There are 2 protein chains.
Amino acid sequence: PGLLLGDVFPDFEAETTNGKIKLHEFLGDSWGILFSHPRDYTPVCTTELGRIARLSSEFSKRNIKIIALSIDSLEDHHGWTKDILAYNCEESACCSLPFSIIADSKRELAVALGMLDPDEKDKDGLPLTARCVFIIGPDKRLKLSLLYPATTGRNFDEILRAVDSLQITARKRVATPADWRPGDCVMVPPNMSEEEAASLFPAGVYTKDLPSGKKYLRYTPQE
Amino acid sequence: PGLLLGDVFPDFEAETTNGKIKLHEFLGDSWGILFSHPRDYTPVCTTELGRIARLSSEFSKRNIKIIALSIDSLEDHHGWTKDILAYNCEESACCSLPFSIIADSKRELAVALGMLDPDEKDKDGLPLTARCVFIIGPDKRLKLSLLYPATTGRNFDEILRAVDSLQITARKRVATPADWRPGDCVMVPPNMSEEEAASLFPAGVYTKDLPSGKKYLRYTPQE
């Protein structure tokens with residue numbers, strides 16, 4: 001069974017490349033993103049974890065803790081890490097990966113969190129993890145999730161865009177329209193009165209006229 | 001319980017703005033995308049369904065059938081459609097929406113498909129549907145899914161990009177790296193031998209040297 005929006009993200013203990021963690025303790029009061037990937041030493045996964053490493057300052061700026069997961073062993077994670085760092089930069093021998101990778105070699109978390117991709121199997125015929133993204137709020141609840149198959153690498157610009165929307169809309173009573181980018185106008189929630197909107201959004205509210213005559217299509221500058 | 005990658009997408013009968021449909025019959029041999037939205041006559045949903053309507057030729061070019069869903073009545077869907085068309089174009093009075101909207105007013109599909117967003121409730125305190133995207137292959141199996149909350153509008157460029165990757169990787173034994181765009185190089189699967197790769201990809205295969213000495217980071221031009 002997959003996780004639904006609003007579910008408390010299961011707490012768990014796991015072995016990682018930086019020691020044992022308890023997820024909720026690891027997250028603390030931060031936002032969190034759990035990324036799963038199918039297999040160490042494979043091409044798309046290397047490009048993905050390489051990009052996550054390069055985005056590390058973007059994630060920490062947003063107070064997000066990152067953790068990766070696959071069903072490989074700690075030994076493979078450590079060996080493969082050198083490849084990821086070399087993919088990012090030829091002179092990276094001195095660097096380390098700015099996040100930990102969980103070794104879910106018994107597939108316990110993969111099954112519990114609904115992350116397996118039945119189309120991708122290892123040489124023993126066991127399914128690998130899909131490319132899952134679980135964005136977890138400071139309240140430990142699931143805020144957004146993506147499930148991509150092994151053959152389709154994720155879009156990390158979209159993940160940052162979605163996080164920016166989640167964080168702005170958690171702070172303020174606004175929503176972000178289709179294809180919104182940080183800096184674009186945001187939308188006023190439909191259940192907010194005109195008076196309240198006027199006082200909450202001193203920069204002004206633009207209301208689009210619609211055939212229904214209803215006044216719900218309201219924009220305000222992002223502040 | 002949410003749907004997992006590889007699950008056969010449940011067949012169902014539903015009332016839509018263009019009559020009753022059975023999902024599998026409606027999809028036929030095409031790809032399909034089911035989009036859910038929280039509520040008719042609300043701001044973000046209007047921008048989203050407006051964008052889906054404008055992308056209609058992009059979807060049909062890719063042999064994808066689109067269907068939308070919310071828990072509102074057919075009457076609301078029909079009334080709201082006029083607002084969506086006016087949002088897209090002031091002179092759209094003559095147009096009609098190029099896809100149907102399911103009226104799941106009893107929330108049966110919303111519950112069965114794990115689409116509810118517990119943070120968003122109607123005036124009776126019942127949860128609304130989240131912004132779900134289910135991409136269904138011609139084999140009726142779930143290929144990719146997104147769950148976004150009501151306050152975060154989706155990114156339709158990313159949905160098209162993901163579809164392009166799903167379709168290319170269904171046709172050919174390739175995978176697409178992180179942040180891939182149509183036209184970029186694709187990746188050779190790790191389980192393909194050097195000989196087979198050379199014969200399948202006459203345009204050439206570039207293999208990146210890595211500290212592990214393993215030869216898995218292989219690119220080839222998208223043909």
Side-chain angles (χ1 to χ4, degrees), chain A residues 1-6 39 41-44 46-48 50-51 79-80 82-83 86-87 114 116-119 130 143-158 161-162 165-166 169 174-180 187-190 208-212 214 216-219, chain B residues 1-6 39 41-44 46-48 50-51 79-80 82-83 86-87 114 116-119 130 143-158 161-162 165-166 169 174-180 187-190 208-212 214 216-219:
Chain A
L3 289 169
L4 303 182
L5 288 191
R39 196 103 236 207
Y41 296 117
T42 60
V44 176
T46 307
T47 65
E48 289 196 322
R51 183 82 204 277
W80 180 48
K82 298 193 182 78
D83 286 0
Y87 162 79
L116 295 175
D117 178 350
D119 283 349
K143 299 301 176 187
L144 187 148
S145 83
L146 310 179
L147 296 180
Y148 279 46
T151 42
T152 298
R154 288 161 284 194
N155 178 339
F156 292 88
D157 294 326
E158 170 55 12
R161 187 198 76 92
S165 166
L166 292 174
T169 60
V174 297
T176 62
D179 306 308
W180 173 87
M187 307 197 87
V188 177
K208 185 163 167 58
D209 282 330
L210 292 169
S212 67
K214 298 180 196 272
Y216 60 89
L217 203 68
R218 297 181 293 180
Y219 290 91
Chain B
L3 289 169
L4 302 183
L5 288 192
R39 194 104 238 204
Y41 296 118
T42 60
V44 176
T46 307
T47 65
E48 289 197 320
R51 181 82 203 277
W80 180 48
K82 297 192 184 80
D83 286 359
Y87 162 77
L116 294 175
D117 178 349
D119 283 349
K143 300 300 178 188
L144 188 148
S145 83
L146 310 180
L147 296 180
Y148 279 45
T151 41
T152 299
R154 287 161 285 196
N155 178 338
F156 292 89
D157 294 326
E158 169 56 12
R161 188 198 76 91
S165 165
L166 292 173
T169 59
V174 297
T176 62
D179 307 308
W180 173 87
M187 306 198 89
V188 177
K208 183 160 169 58
D209 282 330
L210 292 170
S212 66
K214 298 180 196 270
Y216 61 87
L217 203 69
R218 296 181 295 179
Y219 290 90

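So that the names make sense, note that chain A is the first sequence line, chain B the second, and so on, each numbered from 1. Just the heavy atoms: all of them, side chains too, but no hydrogens, waters or symmetry mates, feed the values below. Values in this document were obtained by computation on a predicted structure and should not be read as measured data.
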**Student:** Quick one: which of A/D119, A/T46, A/D117 has the most heavy-atom pairs under 4.5 Å with chain B, could you say?
**Tutor:**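 That would be A/T46.
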**Student:** At a heavy-atom separation under 4.5 Å, does B/T169 approach chain A through its side chain, its backbone, both, or neither?
**Tutor:**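 Looking at B/T169, just its side chain touches chain A.
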**Student:** Measuring only between side-chain heavy atoms, which start at C-beta, is B/D157 closer than 4.5 Å to A/E158?
**Tutor:**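 No, every pair of side-chain atoms sits at 4.5 Å or beyond.
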**Student:** Do the side chains of A/T47 and B/W180 get nearer than 4.5 Å, heavy atoms only?
**Tutor:**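 B/W180 vs A/T47: side chains apart.
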**Student:** Which residues pass the side chain to side chain contact (heavy atoms under 4.5 Å, CB included) test with B/L116, sequence neighbours left out?
**Tutor:**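 B/A110, B/V111, B/P127, B/T129.
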**Student:** Chain A heavy atoms under 4.5 Å from B/N155: which part of the residue, side chain, backbone, both or neither?
**Tutor:**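 Contact with chain A: backbone and side chain both.
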**Student:** Quick check for you: among B/V188, B/L144, B/V174, which has the greatest number of heavy-atom pairs under 4.5 Å with chain A?
**Tutor:**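 The candidate making the most pairs under 4.5 Å is B/L144.
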**Student:** Would you mind checking which part of A/R39 comes under 4.5 Å of any heavy atom in chain B, side chain (CB onward), backbone (N, CA, C, O), both or neither?
**Tutor:**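 For A/R39, neither part sits under 4.5 Å from chain B.
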**Student:** Closest heavy-atom contact between B/Y87 and A/K208?
**Tutor:**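 Closest approach of B/Y87 to A/K208, heavy atoms only: CA-CE, 3.7 Å.
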**Student:** Report yes if some heavy atom in the side chain of A/P43 is under 4.5 Å from a heavy atom in the side chain of B/P177; otherwise report no.
**Tutor:**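 No, every pair of side-chain atoms sits at 4.5 Å or beyond.
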**Student:** Might you point out which heavy atoms bring B/T151 and A/S165 nearest each other, and give the distance in Å?
**Tutor:**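 That closest heavy-atom pairing would be O-OG, 3.9 Å.
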**Student:** Which one of A/A175, A/P190, A/P211 has the most heavy-atom pairs closer than 4.5 Å to chain B?
**Tutor:**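 The candidate making the most pairs under 4.5 Å is A/P211.
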**Student:** Looking only at heavy atoms and a cut-off of under 4.5 Å, which of B/A150, B/S145, B/P118, B/G6 has the most pairs with chain A?
**Tutor:**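 It is B/S145.
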**Student:** For A/L4 and B/G114, which heavy atoms make the closest approach, and how far apart are they?
**Tutor:**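 That closest heavy-atom pairing would be CD2-O, 3.4 Å.
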**Student:** Which atoms of A/D179 are under 4.5 Å from chain B, going by heavy atoms: the side chain, the backbone, both sets, or neither?
**Tutor:**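 Both parts, backbone and side chain.
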**Student:** Tell me, side chain or backbone of A/R154 under 4.5 Å from chain B's heavy atoms, or both, or neither?
**Tutor:**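 Backbone of A/R154 only, per the 4.5 Å heavy-atom cut-off to chain B.
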**Student:** What's the shortest heavy-atom distance between A/Y216 and B/Y41, and which atoms?
**Tutor:**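 Looking at all heavy atoms of both residues, the closest pair is CG-O, 3.3 Å.
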**Student:** Less than 4.0 angstrom from a charged side-chain N to a carboxylate O is my criterion; do B/D83 and A/K214 meet it?
**Tutor:**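 Not counted as a salt bridge, because no side-chain N and carboxylate O are separated by less than 4.0 Å.
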**Student:** Shorter than 4.5 Å, heavy atoms on both sides: which option in A/T42, A/V44, A/L147 has the most such pairs with chain B?
**Tutor:**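 Most pairs with chain B among the choices: A/L147.
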**Student:** Count the heavy-atom pairs under 4.5 Å between each of A/L166, A/L146, A/T176 and chain B, then report the option with the highest count.
**Tutor:**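 Sorted descending by pairs with chain B, the first entry is A/T176.
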**Student:** Flag the one option from B/R218, B/K143, B/R161, B/E48 with the top tally of heavy-atom pairs under 4.5 Å to chain A.
**Tutor:**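 Of the options given, most contacts go to B/R161.
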